[in-house]
Protein chains: 2
Amino acid sequence: MLELIQDDGGVTVSSEQLARRGHTTAAQVRKDLSHFGSFGKRGLGYSVDELRDRLRIILGLDRVWRVILVGAGRIGSALFEYPDFKKRGYDCVAVVDSDPAKIGEKWGERVIRPAEELESLIKELHAALVILAVPASAAQLVAERSVNAGVRGILNFAPVQIQVPEDIPVENVNLVMELEALSFQITRALTP
Amino acid sequence: MLELIQDDGGVTVSSEQLARRGHTTAAQVRKDLSHFGSFGKRGLGYSVDELRDRLRIILGLDRVWRVILVGAGRIGSALFEYPDFKKRGYDCVAVVDSDPAKIGEKWGERVIRPAEELESLIKELHAALVILAVPASAAQLVAERSVNAGVRGILNFAPVQIQVPEDIPVENVNLVMELEALSFQITRALTP
DNA sequence: ACTTTCTTGTGAATCTTTTCACAAGCGGCT
DNA sequence: AGCCGCTTGTGAAAAGATTCACAAGAAAGT
Ligand SMILES: NC(=O)c1ccc[n+]([C@@H]2O[C@H](COP(=O)([O-])OP(=O)(O)OC[C@H]3O[C@@H](n4cnc5c(N)ncnc54)[C@H](O)[C@@H]3O)[C@@H](O)[C@H]2O)c1
Ligand SMILES: NC(=O)c1ccc[n+]([C@@H]2O[C@H](COP(=O)([O-])OP(=O)(O)OC[C@H]3O[C@@H](n4cnc5c(N)ncnc54)[C@H](O)[C@@H]3O)[C@@H](O)[C@H]2O)c1
């Protein structure tokens with residue numbers, strides 16, 4: 001949001017303006033920011049540039065994160081070609097698949113590597129994150145292998161709840177469940 | 001989860017078992033369910049079949065939801081080919097794109113329709129949901145047009161917060177932000 | 001019929017998040 | 001310099017979510 005405001009030439013922004021854009025309240029914006037420090041100027045609001053930079057540091061975005069993509073299927077290829085990842089500091093350093101027909105295929109600058117190399121690739125390329133784009137049946141095993149090889153976080157597209165040590169953060173993307181959330185809200189509005 | 005338990009031949013399940021699988025607590029499971037009624041048997045747990053059916057009704061999954069996909073790009077095509085949507089009751093009744101090179105292309109049984117037909121397709125096919133898989137710059141306009149044509153909910157993949165009437169639920173999928181959530185948690189663990 | 005073993009459903013207690021509301025501070029204007 | 005119009009940062013209050021803890025009910029064994 002702050003980058004969009006920068007593009008529009010905004011120099012300062014108030015908690016009220018951020019709240020309107022972000023679908024929340026001004027008090028919430030201020031309270032949230034106050035957990036990390038004090039970034040604004042009374043009477044003026046926040047400097048867009050400064051707040052952006054501070055948040056980037058807080059979020060850990062002031063470095064490049066090396067990512068390995070596991071599963072070169074439909075969703076994997078869409079993700080691989082998505083330019084925003086690179087632009088936002090996420091560098092896909094390897095793509096791995098278990099299908100012999102896919103191994104060796106060239107994707108841009110990368111060649112699809114066999115699944116057995118997962119551990120060695122994580123170690124050699126110092127990948128901190130993996131994206132799991134494999135069938136649900138393979139997800140738990142791939143997650144365990146990744147964690148054992150030293151990965152620090154997992155973005156999981158498979159519709160299963162994977163079990164990993166609790167110091168390894170996992171973010172789940174479950175698109176069916178997103179649609180179900182819409183169905184629920186629509187249904188509930190009809191039968192209150 | 002209940003369907004996985006069914007497949008494994010489970011007949012009853014306790015709140016404790018559900019909690020372990022779902023990464024939560026037994027009290028939470030029971031309290032959440034209690035908001036919708038009383039589905040279990042003391043000493044036994046929940047009937048897997050019955051709880052599944054009751055939840056399907058609560059979530060509004062006891063019908064087919066007609067969905068229109070807007071944007072036949074990388075993520076759009078991955079979604080279109082994802083078999084779980086159909087399997088879970090979400091029927092993609094039309095695909096729409098603004099690119100003349102894509103209009104008319106055949107995707108399985110569907111033909112990509114021009115973006116101008118969005119409103120008429122929503123009305124004629126009685127689509128309740130749209131999936132926005134268009135560039136961020138187009139998302140707000142497509143959302144407004146969809147709502148005006150009678151859509152009831154929106155699944156938005158564009159990395160912008162769209163503004164629609166508050167009785168229209170919107171679910172956002174922002175993959176960069178998911179990675180950023182991982183970066184934040186990893187970074188925070190390093191500097192407590 | 002009675003005891004034992006489980007597990008639910010739910011008030012009450014606790015913990016967390018959000019909202020309120022206002023003193024304090026900044027910049028511009030006279 | 002002094003006043004005015006804004007906006008932050010933050011304690012205190014209110015609202016909301018989670019956890020505790022236990023009476024009550026169900027099955028199974030004796
Ligand atoms: N396609 C979508 O839009 C979509 C949406 C949401 C979630 N998902 C989920 O994402 C996952 C992948 O979906 P998809 O549609 O891309 O499926 P896909 O079948 O097109 O791709 C999966 C790929 O993973 C590879 N693979 C299988 N086991 C592997 C292993 N052990 N190691 C490495 N690679 C392995 C397969 O060879 C295949 O190339 C699934 O869990 C699916 O439920 C897909
Ligand atoms: N590719 C990914 O993995 C990915 C991941 C997350 C989010 N996204 C987001 O999803 C959206 C689509 O991404 P993509 O990678 O598929 O892009 P893309 O460019 O491959 O596809 C976008 C499609 O939308 C069409 N389009 C543009 N304006 C339109 C309009 N007004 N009406 C109908 N169709 C229109 C284009 O012709 C194109 O076919 C973007 O907002 C992107 O940020 C993509």
Side-chain angles (χ1 to χ4, degrees), chain A residues 1-2 4-6 8-59 161 166 169-172 177 181 184-185 188-189 192, chain B residues 1-2 4-6 8-59 161 166 169-172 177 181 184-185 188-189 192:
Chain A
M1 243 157 62
L2 290 168
L4 290 178
I5 295 169
Q6 275 182 324
D8 291 355
V11 173
T12 61
V13 67
S14 68
S15 55
E16 178 59 40
Q17 291 171 297
L18 289 171
R20 248 199 316 275
R21 288 211 189 213
H23 245 286
T24 176
T25 64
Q28 189 70 72
V29 170
R30 295 202 299 277
K31 183 66 96 182
D32 284 0
L33 290 175
S34 77
H35 291 308
F36 299 104
S38 164
F39 310 124
K41 275 204 176 32
R42 297 174 186 219
L44 247 195
Y46 302 89
S47 152
V48 178
D49 285 12
E50 190 201 326
L51 185 55
R52 188 201 100 115
D53 292 348
R54 301 282 215 110
L55 287 178
R56 285 184 61 80
I57 291 167
I58 292 165
L59 293 171
Q161 197 70 28
E166 66 176 29
V170 177
E171 293 290 325
N172 295 292
M177 223 177 260
F184 170 56
Q185 290 174 76
R188 188 178 44 174
Chain B
M1 244 157 63
L2 291 168
L4 291 177
I5 294 169
Q6 276 182 325
D8 291 355
V11 174
T12 61
V13 67
S14 69
S15 55
E16 179 60 40
Q17 291 170 296
L18 288 171
R20 248 198 317 275
R21 290 211 189 210
H23 244 286
T24 178
T25 64
Q28 189 70 74
V29 170
R30 294 202 300 275
K31 183 69 95 180
D32 283 2
L33 290 176
S34 78
H35 290 308
F36 298 106
S38 164
F39 310 125
K41 275 206 173 33
R42 297 174 186 217
L44 246 196
Y46 302 89
S47 150
V48 177
D49 285 11
E50 190 200 327
L51 185 55
R52 186 202 101 116
D53 292 348
R54 301 284 214 111
L55 287 177
R56 286 184 61 80
I57 291 167
I58 292 164
L59 292 170
Q161 197 70 28
E166 65 174 30
V170 177
E171 293 290 324
N172 294 292
M177 223 176 259
F184 171 57
Q185 290 173 78
R188 188 178 45 173

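All of these numbers come straight from a predicted model, not from anything done at the bench.
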Enquirer: Detail all sub-3.5 Å separations between protein N/O atoms and N/O atoms belonging to nucleotides 20-23 of chain C.
Expert:
| unit_1 | atom_1 | unit_2 | atom_2 | d |
| --- | --- | --- | --- | --- |
| dA21(C) | N6 | R30(A) | NH2 | 3.4 |

Enquirer: Hey, what do you get for CZ (F36(A)) to CG (L59(A)), rounding to the nearest 0.5 Å?
Expert: 7.5 Å
Enquirer: Rounded to the nearest angstrom, tell me the gap between atom CG in L44(A) and atom P in dG28(C).
Expert: 7 Å
Enquirer: Compare every heavy atom of P169(B) with every heavy atom of Q185(A), then report the nearest pair and how far apart it is.
Expert: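 Heavy atoms only, the tightest pair is OE1-CB, 3.5 Å.
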Enquirer: Hey, is CE on M1(B) packed in by over 12 heavy atoms from elsewhere, all under 6.0 Å?
Expert: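 It does: M1(B) CE has more than 12 such atoms within range.
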Enquirer: Would you please confirm or rule out a distance under 4.0 Å between OP1 or OP2 of dG9(D) and any side-chain N or O of S34(A)?
Expert: no
Enquirer: When you measure from the side chain of S38(B), which nucleotide among dT18(D), dG9(C), dT19(C) comes out closest?
Expert: dG9(C)
Enquirer: Quick one: CD on Q161(A) to CG on L4(B), what's the gap to the nearest 0.5 Å?
Expert: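 The CD atom of Q161(A) sits 11.5 Å away from the CG atom of L4(B).
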Enquirer: Can you check the D32(A) CG to dT16(C) P distance for me, whole Å?
Expert: 16 Å
Enquirer: Within the structure, does a side-chain N or O atom of Y46(B) lie under 4.0 Å from either OP1 or OP2 of dC6(C)?
Expert: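 Checking dC6(C) against Y46(B), no side-chain N or O comes under 4.0 Å of OP1 or OP2.
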Enquirer: Output the rounded distance in Å from CZ (F36(A)) to C1' (dT8(D)).
Expert: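 Value for this atom pair: 18 Å.
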Enquirer: Whether the side chain of Q17(A) engages the backbone of S14(A) through a donor-acceptor N/O pair (distance < 3.5 Å, no angle test) should be reported.
Expert: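 Yes, the answer is positive, given that a donor and an acceptor are paired below the 3.5 Å cut-off.
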Enquirer: Q28(A) side chain N/O closer than 4.0 Å to the phosphate oxygens (OP1, OP2) of dT17(C)?
Expert: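 So the side chain of Q28(A) is outside the cut-off, no N or O lying under 4.0 Å from OP1 or OP2 of dT17(C).
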Enquirer: How close do A26(B) and A19(B) get, heavy atom to heavy atom, and via which atoms?
Expert: N-CB, 3.4 Å
Enquirer: Between T24(A) and E16(B), name the one whose nearest nucleotide on DNA chain C is closer to the 5' end.
Expert: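 Going by which nucleotide is closer to the 5' end, it is E16(B).
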Enquirer: Rounded to whole angstrom units, what separation is found between the NE2 atom of H23(B) and the P atom of dT18(D)?
Expert: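 Rounded to whole Å, this separation is 16 Å.
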Enquirer: Could you pull out every donor-acceptor pair under 3.5 Å between side chains of residues 40-47 of chain B and any protein atom, sequence neighbours left out?
Expert:
| unit_1 | atom_1 | unit_2 | atom_2 | d |
| --- | --- | --- | --- | --- |
| S47(B) | OG | E50(B) | N | 3.1 |

Enquirer: Round to the nearest Å and state the distance from L33(A) atom CG to dT7(D) atom C1'.
Expert: 13 Å
Enquirer: What is the distance, to the nearest angstrom, from the NE2 atom on H35(A) to the P atom on dT16(C)?
Expert: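 Those two atoms, NE2 and P, are 12 Å apart.
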Enquirer: Under 4.0 Å from OP1 or OP2 of dT7(D): is there any side-chain N or O of S15(A) that close?
Expert: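 For dT7(D), neither OP1 nor OP2 has a side-chain N or O of S15(A) closer than 4.0 Å.
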Enquirer: Within this structure, what is the CZ-to-C1' distance between F39(A) and dT8(D), rounded to whole angstrom?
Expert: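 Going from F39(A) (CZ) to dT8(D) (C1'), I get 13 Å.
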